[in-house]
Structures are given as C-alpha cells and as structure tokens.
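Below you'll find the structure, written out as structure tokens, and then a few comments.
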Amino acid sequence: MSVTIKSQEEIELMREAGKILATTHEELAKAIKPGMSTYQINKIGEEIIRSYGCIPSFLNYEGYPASICVSVNDEVVHGIPRKDCIVVEGDIVSLDAGVIYKGYQSDAARTIAVGEISDEAKKLIEVTKQSFFEGIKFAKEGYHLHDISNAIGDYCESFGYGVVRDLVGHGIGKKLHEDPQIPNFRQKRRGIKLQAGMTLAIEPMVNMGTYEVDWLDDDWTVVTDDGSLSAHYENTVLITKGEPEILSL
Ligand code: MF3
Ligand code: CO
C-alpha cells in the first residue's frame, strides 16, 4: 500500500477542486424538482461541473456511463442516470460527484430530499451526515485510520442502522481512488497512522435496515438487500497536524 502525501502546491489545487465541487452540489441540489428524470439530473450536474472548467471524473471511469451517480431511495450508490427513472415528492436521492481541476481530484456526495419526506428518512440523512463529522474528529495526525472507521460505524449502529461493508472510502489525489481503503464500520486493527498531507474521501453509506447490499444487473447500481432506504455523505478531507480541512464543503 502506498499512501501519497501531498505538497503545498498539490493541496492548493485540491482546495480549488473541492470548492468547485461544493458549489456544484449546492447548485445541483437547488435544481432538483419532482418530475425530473435522473438522466436530467446528471445532465444538469455535468453542465455545472464543466461551467467551472472542470472535468467530471466519473464519466467513463471503469466504464461508468455518466458524470453524476444518482441513487434513489433503496439504491445505495452508483445509480446510473436513466430517462425512465423519475424522482417524485417523498424520494431521497443520493448524488455523488467527482471533479478534476488541473489534474487533481475531489469527490463528494450528498443525499437530498425531494419535496417533503418522512421523518424517518430525514433522520437517516441527518445521522449519515453526522457520522461523517463523528469520524473526522479522529482525522488528524496522532490517530490511526480505523479510529475514523470505528467512530462512524459505532455512531450509525447506535441508531440501529446498517452500515454498508462492501464499499469503502479511499485516498484521493491525482487519482480518484488511491490507498488507503477506509471502511465505515468497526475494525479489529488500528490501520495506518494518519499523517499531515494525506487526502481522504470519507464516505459513510448507511441503510435503514440491514447492511447487506446487492448489485443490479447493470453491474453498477448498488441496492439494499432488504429494500430499505439508504443515505450517503462524502467529502474530500485533508489531514493536518490539527483540525482536518474539509476541502469539498
Ligand atoms: N464516490 C464514488 C466512489 O468513490 C465514485 C463513483 S465511481 C464511478 O466509489 F465509477 F461511479 F465513477
Ligand atoms: Co468516493
């Protein structure tokens, strides 16, 4: 395993990529209305990314056919945008996007509500987001990687939710997926020591029911095994000697 440490120049470019991605998520969330197809959502997202002079990193990544992963309700991640998939009031939609700015990547995801949603769904989204913040309390020099995993997993499980185990967060930089892998549930070992200059995409995926997931026949879309709702929250984070810097917020 080789975890890259970024230079000041590289960090500056990743900051810029992160800012653009944060803005992309804000603009995209505002644009989503009941009755839209996930295909339209992807198109709007891609246009926003390109309007800032960035490249959508997911497009054609290992054959993934779109710029934004749009995952509705029991779809966990990597939903493929489709003209015949229409979002309606009450749905929750996970939006995962990546941008490349001057050769450097940022990766972030949000789950948003379409119109009014149930209190249960609101809580799932809120807990998933908060689990990220529980995790990054340990995202600094002096802690180990799995301190983050344990904090995320224990927090989510205290609400009875299932934390997805088959997919993990990851290092990020020139490449979308770098070492290390970052699980979102309690680990038996401590994992690597965190060091200033590491950049990590930390991304809890949390199900209302079982943590078990399955893949649809498109070989991309991940769904919950029991059909329960799922939420996703992700940011690109810079490890420092002090508080972590969340690059994509
Ligand atoms: N955030 C996602 C991940 O880290 C990126 C989607 S990969 C793509 O797995 F293939 F869909 F682009
Ligand atoms: Co990611």
Side-chain angles (χ1 to χ4, degrees), residues 3-4 14 17-18 20-22 24-25 28-29 38-39 41-43 45-46 48-50 54-72 75-82 85 93-101 104-112 128-129 131-132 135-136 139 145 148-149 152 163-185 198-207 211 213-224 230-239 244 246-249:
V3 180
T4 57
M14 290 189 71
I20 292 169
L21 183 54
T24 298
H25 270 297
L28 183 56
T38 56
Y39 181 90
I41 292 170
N42 170 67
K43 191 156 185 290
E46 176 165 350
I48 298 169
I49 290 170
R50 293 200 190 280
C54 284
I55 298 167
S57 53
F58 297 175
L59 187 58
N60 301 320
Y61 182 85
E62 289 182 9
Y64 185 77
S67 298
I68 314 285
C69 297
V70 189
S71 310
V72 183
E75 295 175 351
V76 179
V77 288
H78 303 169
I80 297 179
R82 296 196 332 239
C85 180
V93 182
S94 297
L95 302 164
D96 191 350
V99 304
I100 307 172
Y101 176 79
Y104 284 84
Q105 304 256 355
S106 197
D107 184 4
R110 315 274 184 253
T111 299
I112 64 151
T128 303
K129 179 177 179 181
S131 75
F132 166 87
I136 66 163
L145 183 68
I148 301 174
S149 309
I152 291 173
V163 183
V164 174
R165 300 179 174 215
D166 287 345
L167 298 146
V168 294
H170 48 94
I172 181 169
K174 280 192 185 184
K175 289 191 293 182
L176 174 58
H177 293 131
E178 297 186 352
D179 288 334
Q181 296 198 5
I182 311 172
N184 295 299
F185 59 100
M198 291 178 174
T199 42
L200 307 175
I202 299 171
E203 50 176 323
M205 292 151 267
V206 184
N207 303 341
Y211 64 76
V213 297
D214 221 329
W215 271 259
L216 297 185
D217 282 341
D218 63 20
D219 271 343
W220 278 106
T221 313
V222 180
V223 296
T224 59
S230 187
H232 187 198
Y233 188 80
E234 174 181 30
N235 281 306
T236 302
V237 174
L238 169 69
I239 304 297
I246 307 174
L247 301 177
S248 54
L249 254 193

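Order of listing sets the numbers, starting from 1, for every ligand and every atom in it.
Distances from the Co ion (ligand 2) to the N/O/S atoms of E203 are shortest for OE2. Taking the Co ion (ligand 2) as reference, D107 places its N/O/S atom OD2 nearest.
The heavy-atom pair separating E75 from V70 by the smallest distance is OE1-O, 3.8 Å. Scanning both residues, V168 and P183, for their nearest heavy atoms gives CG1-CA, 3.7 Å. Closest approach of A108 to D96, counting heavy atoms only: O-OD1, 3.2 Å. Residue E203 comes nearest to G169 through the heavy atom pair CG-CA, 3.6 Å, listed as atom of the first residue, atom of the second, then distance.
Sorted by chain and number, the heavy-atom contacts of ligand 1 below 4.0 Å come from F58, Y61, Y64, C69, H78, D96, D107, H170, H177, E203, W220, E234.
For the residue pair S230 and N207, a side-chain donor N or O sits within less than 3.5 Å of a side-chain acceptor on the partner.
With rounding to the nearest 0.5 angstrom, the CG atom of L216 is 9.0 Å from the CD1 atom of I80.
The backbone N or O of V77 sits nowhere less than 3.5 Å from a side-chain atom of S94 that would complete a donor-acceptor pair.
Because the distance cut-off is set at 2.8 Å, E234 qualifies as a neighbour of the Co ion (ligand 2) through one of its N, O or S atoms. Under 2.8 Å from the Co ion (ligand 2) lies an N/O/S atom of H170, whether from backbone or side chain.
A heavy-atom distance below 4.5 Å is found between the side chains of I152 and I202.
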